[in-house]
Amino acid sequence: TVDGHFHVAGAGSDVATMALMGGARLTRADLFGGQLTDADVTIDIQNASLSGSYDGRLSDVNPALALDDQRYDASLTGSGTGTISVRDLLVRSPQLADYHITTQMMLESSRVRNIPLDSATLNSTLDNGTLTVDEFHGAGPTIDLQATGRIEFDDSRSSQIDYTITRGDLSLAKDLIGRDVSGNIATTGQMTGPLSRVRLQGTGTLNRVESSGLKVLAAELTYGATVPAGAP
């Protein structure tokens with residue numbers, strides 16, 4: 001379902017050489033598992049490549065559906081602006097390196113992977129398989145997190161994310177440590193390494209921790225951990 005006012009100019013019929021330029025005031029579009037509403041949209045197709053922009057509202061949109069990549073699984077609600085370009089989209093199946101995306105978002109009740117968020121702000125750029133995070137601040141029932149840096153989505157280049165968790169529920173770490181754990185953490189640290197083998201280093205404090213019969217009321221923490229993604 002797409003509803004709005006559109007203007008389009010184009011020429012040619014062959015997908016490799018056709019040209020199309022246009023824009024819209026989008027009232028509503030059901031896309032990517034959710035809705036896009038009250039938005040200004042542009043589109044430009046040249047030399048089998050696509051570029052476009054978006055400025056408006058979104059509700060329950062999942063980026064994993066837009067990029068066909070489950071690493072971006074989320075449900076996003078709020079408002080934002082962004083630009084996208086995709087090389088050779090009309091003549092071949094694009095790879096992640098073919099995308100260039102800039103995003104500025106202010107989110108309301110949303111989900112990023114398995115983490116619910118009451119609010120979040122994000123300024124980021126995806127280019128040549130690298131996600132550069134200029135600003136991220138997300139807060140929800142289980143975490144209050146700020147982060148900057150870059151994430152490399154191949155198996156060779158090293159990512160680097162600097163993070164500060166002012167409030168974190170340790171139950172979120174279950175997938176990393178392979179066991180149930182409860183309690184709270186506040187920490188400042190850095191994530192490095194390829195995504196197939198993440199390295200975490202930092203310092204912080206623990207409160208009311210319970211795991212495998214161990215109970216800790218409070219503790220100072222210095223940690224270094226290497227986490228193979230395939231077998232945490």
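Sequential numbering from 1 along the given sequence is applied to the chain's residues.
A donor-acceptor pair is defined here as one N or O able to donate and one able to accept, closer than 3.5 Å; no such pair exists between the side chain of Arg87 and the backbone of Ala48. Counting only distance, with no hydrogens or angles, the side chain of Ser119 and the backbone of Ser109 share no donor-acceptor pair below 3.5 Å. Between the side chain of Thr42 and the main chain of Gly23, no donor-acceptor pair closer than 3.5 Å is present. A distance-only check finds no donor-acceptor pair linking the side chain of Asp88 to the backbone of Ser49 [under 3.5 Å]. A donor-acceptor pair is defined here as one N or O able to donate and one able to accept, closer than 3.5 Å; no such pair exists between the side chain of Ser124 and the backbone of Leu122. At least one donor-acceptor pair closer than 3.5 Å links the side chain of Ser158 to the backbone N or O of Gly193.
Crowding of Asp68 atom CG: a count of heavy atoms from other residues, nucleotides or ligands under 6.0 Å not exceeding 12. Heavy atoms from other residues, nucleotides or ligands lying under 6.0 Å from CZ of Arg208 number 12 at most.
A heavy-atom distance below 4.5 Å is not found between the side chains of Met191 and Asp162. Taking 4.5 Å as the limit, some side-chain heavy atom of Asp98 sits within range of a side-chain heavy atom of Arg92. Within the 4.5 Å cutoff, the side chain of Leu26 has no heavy atoms near those of the Asp38 side chain. Under the 4.5 Å side-chain criterion, counting only non-hydrogen atoms from C-beta, Met21 is in contact with Gln46. Side-chain contact between Leu200 and Tyr163 is present, with at least one heavy-atom pair separated by less than 4.5 Å. Residues Phe153 and Leu131 have side chains in contact (heavy-atom distance under 4.5 Å, counting atoms from C-beta outward).
Neither side chain, Asn123 nor Gln104, offers a donor N or O lying under 3.5 Å from an acceptor on the other. Between Thr83 and Thr102, the side chains place a donor N or O and an acceptor N or O closer than 3.5 Å (distance only, hydrogens not considered). Donor-acceptor pairing under 3.5 Å is recorded for the side chains of Tyr223 and Thr187. Side-chain atoms of Thr37 and Arg28 include no donor-acceptor pair closer than 3.5 Å.
Between atom CG of residue Asp73 and atom CZ of residue Arg113 there is a gap of 6.5 Å, rounded to the nearest 0.5 Å. For the atom pair OG1 of Thr188 and CD of Gln201, the computed distance is 13.5 Å after rounding to the nearest 0.5 Å. A distance of 8.5 Å separates CG of Leu50 from OG of Ser85, quoted to the nearest 0.5 Å. Rounded to the nearest 0.5 Å, atoms CZ (Arg199) and OG (Ser159) are 15.0 Å apart. Distance check, rounded to the nearest 0.5 Å: CG of Leu76 to CG of Leu58 gives 6.0 Å. The distance from the CG atom of Asp69 to the CD atom of Gln95 is 10.5 Å, given to the nearest 0.5 Å.
Judged as a side-chain hydrogen bond (donor to acceptor under 3.5 Å, both in side chains), and not counting sequence neighbours, Gln146 has no contacts. Applying the side-chain contact (heavy atoms from CB on, under 4.5 Å) criterion to Ile143, with sequence neighbours excluded, gives Ile115, Leu117, Leu145, Ile165, Leu172.
Aromatic rings of Tyr72 and Phe32 (six-membered ring for Trp) have centroids beyond the 6.0 Å cut-off, not under it.
Sorted by first and then second residue, the salt bridge (charged side-chain N to carboxylate O under 4.0 Å, His left out) pairs with a member in residues 130-157 read Arg150-Glu152, Glu152-Arg157, Asp154-Arg157; sequence neighbours excluded.
For the side chain to side chain contact (heavy atoms under 4.5 Å, CB included) test with Ser51, the passing option among Val86, Leu89, Asp44 is Asp44; the others fail.
Residues Val209 and Leu217 do not share a hydrophobic cluster, clusters being chains of Ile/Leu/Val/Met/Phe/Trp/Tyr side chains in contact below 4.5 Å.
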